[in-house]
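Worksheet for the structure shown next.
Residue indices begin at 1 and follow the sequence shown.
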Amino acid sequence: MQHAPCGAATVGVDKGYTEAYTDNEGERHGEGLGNLLSAEGDHRKVKGQRRNQLRAVEQKHLAQGLTRKAHNIRKNNLGN
């Protein structure tokens, strides 16, 4: 296997949040990454809050002895 020459220059790369990478020439690669990560994080936060609320309702029903209702909540809403 033969390799093509790639040069002898050193490249500096900075990894960031708003863009994936910025090289030593100031070019940004992967712009919009921060917006994407923020949107995904916000979505997961809301989803987790809703799941925690359902789990609290399930636990409340278990404490009251309503096992069938608690089982249905777990089976239909808290699956993976």
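- Taking the side-chain hydrogen bond (donor to acceptor under 3.5 Å, both in side chains) definition, one finds that Arg44 meets it with Glu40, sequence neighbours left out.
- The side chain to side chain contact (heavy atoms under 4.5 Å, CB included) search around Gln53 returns none, not counting sequence neighbours.
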Please tabulate, for the side chains in residues 65-72, all donor-acceptor contacts under 3.5 angstrom to protein atoms that are two or more places apart in sequence or on a different chain.
from, atom 1, to, atom 2, distance (Å)
Asn72, ND2, Arg68, O, 3.4

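- Asn77 approaches Arg51 most closely through the heavy-atom pair O-NH1, 4.0 Å.
- Note that CG of Leu54 is 12.0 Å distant from CD of Gln59, once rounded to the nearest 0.5 Å.
- For Arg50, the side chain to side chain contact (heavy atoms under 4.5 Å, CB included) test picks out Val46, with sequence neighbours left out.
- Residues passing the side chain to side chain contact (heavy atoms under 4.5 Å, CB included) test with Leu33, sequence neighbours excluded: Ala20, Leu37.
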